[in-house]
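Take a look at the structure set out below.
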Amino acid sequence: MKITIFGSGYVGLVTGTCLAEVGNDVVCMDVDVTKIEKLKQGIIPIYEPGLEAMVRENQAEGRLRFTSDVKEAVEHGLFQFIAVGTPPDEDGSADLQYVLAVARNIAEHMDGYRVIVDKSTVPVGTADKVKATMQKILDNRGLDLEFDVVSNPEFLKEGDALSDFMKPDRIVIGTDNPRTAELLRALYAPFNRSYERVITMDIRSAELTKYAANAMLATKISFMNELANLAEQLGADIEHVRQGIGSDTRIGYSFIYPGCGYGGSCFPKDVKALERTAKECGYQAELLNAVENVNNRQKHRLFDKINQHYQGALSGKTFALWGLSFKPNTDDMRDAPSRVVLEALLEAGATIQAYDPEAMDEARRIYGDRQGLSYCDSPKEVLKQADALVIVTEWKQFRSPDFDFLSQQLQDKVIFDGRNMYEPHLVRRSGLQYYAIGR
Ligand SMILES: NC(=O)c1ccc[n+]([C@@H]2O[C@H](COP(=O)([O-])OP(=O)(O)OC[C@H]3O[C@@H](n4cnc5c(N)ncnc54)[C@H](O)[C@@H]3O)[C@@H](O)[C@H]2O)c1
């Protein structure tokens with residue numbers, strides 16, 4: 001099948017590559033010319049395990065091409081996927097300018113029937129806006145061309161995106177046209193072989209499903225963080241509590257890890273956008289508001305612990321920082337908790353030596369040569385002349401350090417762990433002080 005993907009970021013690139021992998025003829029389009037030029041040479045702009053090899057293979061086989069030419073892109077695909085960003089606007093609502101720009105582009109250049117598949121996370125009612133935008137342009141062009149708009153939200157996780165796309169838990173298809181539902185079913189058939197994963201529904205429900213999923217996961221995290229803070233006050237250990245409740249199958253173990261808050265390009269903006277949607281239809285979403293507030297507070301928690309330990313005397317202190325990405329296995333630092341800790345420490349006059357296995361380039365892009373911040377090539381190097389260690393991302397490489405070595409290296413012999421990576425008694429045995437979350 002002929003497929004065009006608008007937007008070659010985390011979602012667009014993974015979608016295009018996986019659809020090519022199963023034999024389709026895919027063109028990925030992006031307005032970022034530099035990105036497209038790099039992709040043409042097989043250089044992947046993001047870190048996603050396995051993606052680079054898959055892109056190169058499909059390029060070599062001629063099933064995956066990249067372009068910044070809108071006309072070529074629109075002419076190519078029967079399916080026109082929209083996978084552009086939907087960042088938060090000033091009021092928290094999703095900014096639809098990129099989605100609607102793609103809708104305009106498609107309508108300006110289409111010459112026959114097209115299925116517009118919206119994969120970006122968009123508020124309920126966006127498919128109607130896409131339709132209206134396109135129809136107006138087609139009317140101006142004096143053309144009577146048929147098209148359908150489908151909502152097909154994406155649930156992939158960065159860091160595990162290929163496997164999520166190739167073996168999805170579910171494939172949500174929101175459409176009001178049974179014929180289009182069949183086209184989408186055929187497109188997704190290669191990913192739907194072992195059991196039925198396709199769930200069809202009306203467009204508005206599909207649009208809401210994506211926000212519901214992310215808001216639910218964010219709620220679980222904020223709930224655990226709230227409990228972790230309470231556990232600290234009560235002298236309980238949240239890690240025992242976590243296991244105690246996770247073992248209940250109605251609750252489950254996933255997404256109940258306490259820490260220094262959720263980040264990334266999705267949860268923060270999607271919770272905000274859903275809250276905004278609620279407000280717009282006159283509904284006060286109390287729970288969503290609380291989820292967001294708890295998270296914003298939690299992102300400051302690690303800094304508060306550091307500040308309290310040093311009684312506010314942070315100026316002149318040097319901190320080793322392990323982890324910058326918002327979670328392991330990605331280089332994405334959008335809304336990452338590391339940024340809150342890092343900026344607060346610098347603001348307080350401290351110096352930071354940072355290391356992350358994948359996000360160093362991204363950190364350099366964001367912070368450049370910021371005074372007080374230096375980048376190191378290994379988790380060991382950041383420890384040199386450091387007073388304390390701060391852990392913000394739970395990368396595998398940080399799981400089992402030599403605590404005696406850490407104790408020798410850190411001048412003040414203290415670790416602030418925002419991800420509860422270690423057993424407190426094992427750390428303390430090496431003469432280190434250990435601060436974690438909720439224990
Ligand atoms: N990142 C994730 O884990 C994830 C998961 C599920 C859903 N989503 C949703 O998918 C959407 C895309 O997210 P992302 O993380 O891939 O974003 P991204 O910022 O990585 O990529 C978006 C790309 O779209 C391009 N673009 C902007 N305007 C364009 C236009 N008019 N034509 C063509 N390309 C254009 C940008 O240059 C950029 O390369 C968002 O709505 C997001 O909420 C993201």
Side-chain angles (χ1 to χ4, degrees), residues 4-18 27-39 44-48 51 66-74 76-77 80-89 93-109 116-123 126 130 133 151-165 168-172 206-207 209-215 217-218 262-274 325-327 329-336 362 365:
T4 296
I5 316 272
F6 285 92
S8 305
Y10 285 90
V11 169
L13 191 56
V14 169
T15 302
T17 308
C18 291
V27 167
C28 286
M29 191 273 166
D30 204 290
V31 286
D32 185 336
V33 179
T34 320
K35 194 180 264 191
I36 289 295
E37 284 313 310
K38 282 191 176 156
L39 283 165
I44 310 298
I46 53 170
Y47 173 76
E48 182 60 47
L51 184 60
F66 296 97
T67 185
S68 40
D69 183 335
V70 177
K71 188 164 178 282
E72 179 193 342
V74 179
H76 175 78
Q80 305 269 315
F81 277 78
I82 305 181
V84 297
T86 45
D89 231 334
S93 62
D95 180 353
L96 291 178
Q97 62 165 310
Y98 307 105
V99 170
L100 296 178
V102 174
R104 279 194 296 275
N105 284 340
I106 298 172
E108 274 156 12
H109 295 283
I116 322 310
V117 186
D118 183 18
K119 244 197 188 316
S120 296
T121 302
V122 292
T126 301
V130 167
T133 304
S151 166
N152 171 221
E154 181 49 57
F155 299 97
L156 64 77
K157 303 182 283 300
E158 284 175 23
D160 218 2
L162 292 187
S163 137
D164 284 347
F165 196 96
D169 293 330
R170 76 295 213 188
I171 299 160
V172 170
E207 288 172 334
T209 298
K210 174 64 193 177
Y211 283 102
N214 277 358
L217 296 173
Y262 60 75
S265 69
C266 292
F267 290 3
K269 86 169 168 57
D270 291 350
V271 170
K272 257 196 214 104
L274 186 55
S325 58
F326 85 91
K327 67 173 184 180
N329 288 326
T330 181
D331 58 354
D332 200 338
M333 285 180 64
R334 288 179 280 187
D335 269 328
E362 186 59 5
R365 190 187 66 77

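As the structure lists them, so they are numbered: ligands from 1, and atoms in each ligand from 1.
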Closest approach of Val271 to Tyr262 (non-hydrogen atoms, all atoms of both residues): CG2-OH, 3.9 Å
Of all heavy-atom pairs between Gln80 and Val74, which one has the smallest distance, and what is that distance? NE2-O, 3.0 Å
Lys/Arg N to Asp/Glu carboxylate O, Arg334 vs Asp332, below 4.0 Å: yes
Listing by chain and number, which residues have a heavy atom under 4.0 Å from ligand 1? Gly7, Gly9, Tyr10, Val11, Met29, Asp30, Val31, Asp32, Lys35, Ala83, Val84, Gly85, Thr86, Tyr98, Val102, Ser120, Thr121, Glu154, Leu156, Glu158, Lys210, Ser265, Cys266, Lys269, Arg334
Only one of Ile46, Val31, Leu39, Thr17 passes side chain to side chain contact (heavy atoms under 4.5 Å, CB included) with Ser8, and that residue is Leu39
Count the heavy atoms belonging to other residues, nucleotides or ligands that lie under 6.0 Å from OH of Tyr98, then report whether that count exceeds 12. no
Looking only at side chains, do Glu207 and Ser151 share a donor and an acceptor under 3.5 Å apart? no
